[in-house]
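The structure appears right after this line, and notes come after that.
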There are 2 protein chains.
Amino acid sequence: MSEEPRTSRIQRQVVQLILDRRLTAGAPLPTEAELMESLGVSRNSVREALKALQALDIVEIRHGYGTYVGQASLTPLVDGLTFRTLARHDDDTGALDEILQVREVLEVGLIRRVAATVTEAELGKLEDVVTRMESAGGTGRSFPELDREFHEVLYASLGNDLVPQLLAAFWTVFRRVSGARGRPDDPSPEITVRRHRDIVDALRARDAEGAQRAMAVHFRGIEARAAQESRGVG
Amino acid sequence: MSEEPRTSRIQRQVVQLILDRRLTAGAPLPTEAELMESLGVSRNSVREALKALQALDIVEIRHGYGTYVGQASLTPLVDGLTFRTLARHDDDTGALDEILQVREVLEVGLIRRVAATVTEAELGKLEDVVTRMESAGGTGRSFPELDREFHEVLYASLGNDLVPQLLAAFWTVFRRVSGARGRPDDPSPEITVRRHRDIVDALRARDAEGAQRAMAVHFRGIEARAAQESRGVG
DNA sequence: TAGCATTTGTGCGTATGTATT
DNA sequence: CAATACATACGCACAAATGCT
């Protein structure tokens with residue numbers, strides 16, 4: 001006759017409340033006291049349910065202020081993948097390779113669509129990022145944030161909000177885990193800059209095939225770095 | 001002076017404990033009492049932290065039995081995407097289209113690799129699934145589970161565990177949300193069976209291009225259905 | 001079958017910390 | 001600076017589920 005756990009039920013009820021009231025991200029939720037009143041449960045149960053929803057970024061709890069509808073970002077995916085990857089104590093590099101492969105398939109497949117939809121303004125932004133990469137590379141510094149920005153701007157034109165968030169999630173996991181293992185610095189910034197410029201050039205020429213090839217080459221470089229790293233070369 | 005919230009710290013500590021002790025999925029964790037003892041916090045704090053980790057499928061809590069290391073599945077992604085999609089009250093179909101587009105790019109890109117790595121045994125399994133689709137379709141019933149199984153078997157040969165889990169997650173969200181909106185039954189099962197058989201045939205012929213084309217056609221069908229559905233046709 | 005020990009689930013009261021007004 | 005509203009944390013007691021004797 002196993003009853004549904006109280007906490008699970010409360011979670012569903014809170015989610016349903018958000019949906020029913022058509023609340024959007026940032027909208028205030030009932031206070032804990034109001035929830036325990038309306039749902040007829042104790043404060044502990046309410047809090048445990050809210051904590052679970054917070055972990056999913058479905059609600060956001062601000063200390064001393066209130067509870068609000070969350071952004072429903074892909075933070076849980078990042079946390080989960082990071083844990084998965086770090087918890088695989090056997091083949092250390094395997095989990096990272098898997099993430100990288102998914103990123104590659106996505107980006108190589110999407111770049112074709114980008115070539116058809118990208119605007120002049122966006123091409124300008126991309127060139128701007130590459131230019132900034134050049135100046136950063138000239139000083140010998142690496143530029144992880146610029147790389148991230150490049151790929152984010154790249155897929156903005158698709159009108160698919162999920163795509164850049166998903167790629168950003170994979171990117172973050174890759175960087176985070178890679179960094180936790182003591183990764184080597186990005187080798188030869190000039191080459192990395194060149195790879196990105198090749199992509200922009202192909203896009204400007206509306207050369208979908210060329211853009212795909214350039215993106216694939218870009219990933220070959222990343223994979224080579226990852227393989228090198230897994231052999232303990234720093 | 002803002003201190004880090006107690007619950008967040010405990011979460012990190014529990015995760016670190018799992019990593020430090022090299023615990024794998026299913027391994028027992030310290031009891032709540034032991035955790036409050038070793039971490040020097042109250043039971044409520046421990047429980048709230050564990051609830052958050054449970055939402056991420058990093059731990060699994062069994063009533064009256066104990067707490068265990070979780071599977072770190074993509075369940076949080078499914079929950080999050082489901083919420084995201086249901087919470088977009090403006091353009092109802094948009095969020096589903098986004099998921100579908102990601103699925104399409106992934107599958108069309110991956111099928112090429114599958115064509116190179118798939119074994120005879122796996123081709124046999126795929127044909128078996130299609131055969132079962134045929135019998136199910138003959139009785140007029142739809143076969144969502146068989147469709148899921150087909151795509152799962154399809155990408156098993158890549159040796160990338162993340163891929164089938166990711167695709168299954170998208171598939172589940174799509175089905176769940178689609179169903180919550182009162183979707184129409186799969187139209188003409190014969191056509192759906194045919195589309196799947198085309199994919200297997202191309203794979204057996206090691207025709208990567210053909211497989212890609214067949215997969216793309218398969219998705220065109222799904223998209224058409226989704227569009228029809230968004231117009232309220234049922 | 002019954003009973004017991006262990007472990008998680010739920011509820012309540014209270015004190016403290018924090019942000020807004 | 002004070003008051004208010006709210007979340008955070010703690011401790012205890014009891015309920016419920018599970019496994020084992």
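Here is the naming used below: chain letters follow the sequence lines, and residue numbers restart at 1 for every chain. Quick note: numbers below take in every heavy atom, side chains included, and nothing from hydrogens, waters or symmetry partners.
In the set D/dC10, C/dG11, C/dT8, C/dT8 carries the atom at the smallest distance from any side-chain atom of B/E32.
In the region residues 60-68 of chain B, proximity to DNA chain C at under 4.0 angstrom, judged on heavy atoms, holds for B/I61, B/R62, B/H63, B/G64, B/Y65, B/G66, B/T67.
Ion pairing between B/E127 and B/K125 fails under the 4.0 Å rule for side-chain N and carboxylate O. B/R6 and B/E48 are not joined by a salt bridge, as no carboxylate oxygen comes within less than 4.0 angstrom of a charged side-chain nitrogen. The residues A/E145 and A/R175 are annotated as not salt-bridged, no charged nitrogen and carboxylate oxygen being separated by less than 4.0 angstrom. Checked for salt-bridge contact, B/E98 and B/R103 miss the test: no charged N lies under 4.0 Å from a carboxylate O.
Applying the 3.5 Å distance criterion, the base of C/dG9 shares no donor-acceptor pair with the side chain of A/N44.
Between the side chains of A/T172 and A/R148, at least one donor-acceptor pair of N or O atoms lies under 3.5 Å. Between the side chains of A/R84 and B/Q165, at least one donor-acceptor pair of N or O atoms lies under 3.5 Å.
For A/R47 and D/dA7, the shortest distance from a side-chain N or O to OP1 or OP2 is not below 4.0 Å. Checking the phosphate oxygens (OP1, OP2) of D/dC10, a side-chain nitrogen or oxygen of B/S45 falls inside 4.0 Å. Note on B/T31: every side-chain N or O is 4.0 Å or more away from OP1 and OP2 of C/dT6. Checking the phosphate oxygens (OP1, OP2) of D/dA15, no side-chain nitrogen or oxygen of A/R6 falls inside 4.0 Å.
Regarding B/M36, its CE atom lies at a distance of 14 Å from the P atom of D/dA9, rounded to whole Å. Protein atom CD of A/Q54 is 12 Å distant from nucleotide atom P of D/dA7, rounded to whole Å. One atom, CD of A/E34, and another, C1' of D/dC6, lie 11 Å apart when rounded to the nearest Å. Across the protein-nucleic acid pair, A/R43 atom CZ and D/dA7 atom P stand 8 Å apart, rounded to whole Å.
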